[in-house]
Amino acid sequence: MSIIEINGLTSGNGRGVFDVSLNMQAGEVFGLLGPSGSGKTALIRHLIGFVRPESGTCMISGRSSAESSAMIHGTLGYLPESPALYEEMTGWGFLKFMARYRRLRSMKRAEEVCELLGLNPKRSIRRMSLCARQKLALVCAVMHDPEILILDDPTANLDPISQNRFAQLIEDEKASGKTILIASRSFDVIERNCSRAAILNKGRIAAQDTVGAFKASGRKVYRVTMASTGAVAALQRENVEILSSDGCNVTIAVTHDLRSLVSILSSYPVNDLKSVSLSLEEIFLTQPGGENA
């Protein structure tokens, strides 16, 4: 069952989003990956009803984001790219303020998430580090136990330990049946937390698939160990894409067709051939427009 559906979303002149379509299933953790200025925040602002599209539709749980934004907001936990926090309050005072706004009867979930993220909410927000402020904003997004989480750049300013705690939070929320959208510039965040992802570049979807499929498709890299440096020199004159060479070791990139490489290597004294895993970042660079992102 699709919880989030975006069809033909277009808005903006030069910058914005253009003919974007994607869907998210119930209980899914979906990643929206792209560099700064790629349109991630613009897409999210349309999705939650802050902006009306020029054309296309955004639907959450069968309701139009443009027509039913107030009703939709009651089901959402939203973390904006730049959270606004009242600096004159303590972190706990701010959480209690948000609890009253949402008519929560218990602060138990807020306490649990503070503990999970390693946040001391008793400090003045003004004196909090950027990392602590980001944690506080995350607590605000999840403390009311929403059905859907929309998180825009959620790991910004988080240190490595806090990123591990964030990953545990996402695991816990997914286990409880939440549907989660994570927008990020960080390839590691998407690769680590999401099952599917869309790559957004210059306001358009460059690619959309499972994270596993992204890693399994496209350009592959192999490390070849030759019997001699002379063989390496001869191989460099062949029609192969050599990324680097060091003594008898050569790193070669192959796009889709491994058979041509195998055919070429069959004429050479090869001692070893190993596949090299690509990160999601390296895969992104092979997508349309990725190198110019």
Side-chain angles (χ1 to χ4, degrees), residues 29 31-38 40-45 47-50 73-176 178-194:
V29 183
L32 190 61
L33 174 64
S36 295
S38 61
K40 301 186 302 296
T41 297
L43 187 152
I44 286 175
R45 288 176 62 82
L47 180 59
I48 61 180
F50 287 172
H73 289 172
T75 69
L76 293 181
Y78 171 51
L79 175 71
E81 183 182 28
S82 301
L85 305 172
Y86 294 128
E87 294 196 348
E88 66 274 13
M89 292 183 173
T90 64
W92 191 247
F94 181 70
L95 292 176
K96 291 179 73 174
F97 168 77
M98 293 302 298
R100 288 193 298 271
Y101 170 75
R102 290 176 173 142
R103 299 180 181 178
L104 297 184
R105 296 183 177 180
S106 171
M107 296 294 290
K108 182 179 179 181
R109 183 57 179 155
E111 292 172 349
E112 291 173 348
V113 181
C114 283
E115 183 176 357
L116 175 62
L117 295 178
L119 172 67
N120 175 10
K122 296 180 180 179
R123 297 191 64 187
S124 164
I125 294 175
R126 190 184 305 277
R127 295 180 178 275
M128 283 185 177
S129 66
L130 291 175
C131 180
R133 291 181 184 214
Q134 189 72 4
K135 291 178 184 179
L136 181 62
L138 278 166
V139 176
C140 287
V142 304
M143 62 185 286
H144 56 300
D145 199 29
E147 300 170 13
I148 302 164
L149 290 174
I150 298 179
L151 310 176
D152 193 355
D153 208 6
T155 60
N157 304 312
L158 294 186
D159 57 43
I161 292 176
S162 299
Q163 290 189 27
N164 289 338
R165 290 174 169 173
F166 169 77
Q168 184 59 58
L169 174 64
I170 295 302
E171 270 301 312
D172 293 347
E173 294 296 284
K174 180 182 177 182
S176 67
K178 305 294 174 60
T179 303
I180 307 169
L181 172 62
I182 299 175
S184 181
R185 292 167 289 177
S186 169
F187 302 93
D188 180 64
V189 168
I190 299 301
E191 189 171 2
R192 183 174 186 179
N193 296 289
C194 304

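Values reported hereafter were calculated over all heavy atoms of this structure, with side chains retained and with hydrogens, waters and symmetry mates removed.
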d(Asp159 CG, Leu130 CG) to nearest 0.5 Å is 11.5 Å
Are Pro80 and Arg45 close enough that some pair of their side-chain heavy atoms sits under 4.5 Å apart?
no
Heavy atoms of Gln134 and Ala156 approach each other most closely as CG-O, 3.1 Å
For Cys140 and Leu95, the nearest pair of non-hydrogen atoms, with its separation, is SG-CD2, 3.5 Å
Residue pair Ile182 / Ile170, side-chain heavy-atom distance below 4.5 Å:
yes
Glu147 meets the salt bridge (charged side-chain N to carboxylate O under 4.0 Å, His left out) criterion, sequence neighbours left out, with none
One should read off an interatomic distance between Ser186 OG and Gln163 CD, to the nearest 0.5 angstrom, of 6.5 Å
*Is Asp153 paired with Arg185 through a side-chain N to carboxylate O contact shorter than 4.0 Å?*
yes
dist Glu171:CD -> Glu173:CD (nearest 0.5 Å) comes out at 11.0 Å
Minimal heavy-atom distance between Arg192 and Ala167, with the atoms involved, is NE-CB, 3.7 Å
Exercise for the section: Would you kindly say whether Gln168 and Asp172 are connected by a side-chain donor-acceptor distance under 3.5 Å? Expected result: yes
All N/O donor-acceptor pairs, side-chain side in residues 110-123, below 3.5 Å, sequence neighbours left out:
residue, atom, partner, partner atom, Å
Glu112, OE1, Arg109, NH1, 3.3
Asn120, OD1, Lys122, N, 3.1
Arg123, NH2, Arg127, O, 3.3

**Message:** Are the side chains of Arg103 and His144 in contact, using a 4.5 Å heavy-atom criterion?
**Reply:** no
CG (Leu158) and CZ (Phe166) are apart, to the nearest 0.5 Å, by 7.5 Å
Handout entry: Carboxylate-amine/guanidinium proximity below 4.0 Å for Arg133 and Glu87
Key = yes
To the nearest 0.5 Å, atom CG of Leu138 lies from atom CG of Leu151 at 6.5 Å
Leu47 and Leu181: side-chain contact (heavy atoms from CB on, under 4.5 Å), yes or no, with the steps? CA-CA 11 Å; Leu47 180 59; Leu181 172 62; 3.8 Å; yes
Between the OG atom in Ser184 and the CG atom in Leu33, the distance rounded to the nearest 0.5 Å is 7.0 Å
Tightest non-hydrogen contact, residues Ile44 and Ala183, listed as CD1-CB, 3.7 Å
Report task. For the residue pair Tyr78 and His73, establish whether any side-chain heavy-atom pair is separated by less than 4.5 Å. Result -> no
**Asked** Between the main-chain N or O of Asp152 and the side-chain N or O of Glu81, is there a donor-acceptor pair closer than 3.5 Å?
**Response** no
What one should report as the nearest heavy-atom pair of Ser162 and Lys135 is OG-CE, 3.0 Å
Note to self: Donor-acceptor pair, distance only, cut-off 3.5 Å: does the side chain of Lys40 make one with the backbone of Gly34?
What the structure shows: yes
Lys178 and Pro146 have their tightest heavy-atom pair at CD-O, 2.8 Å
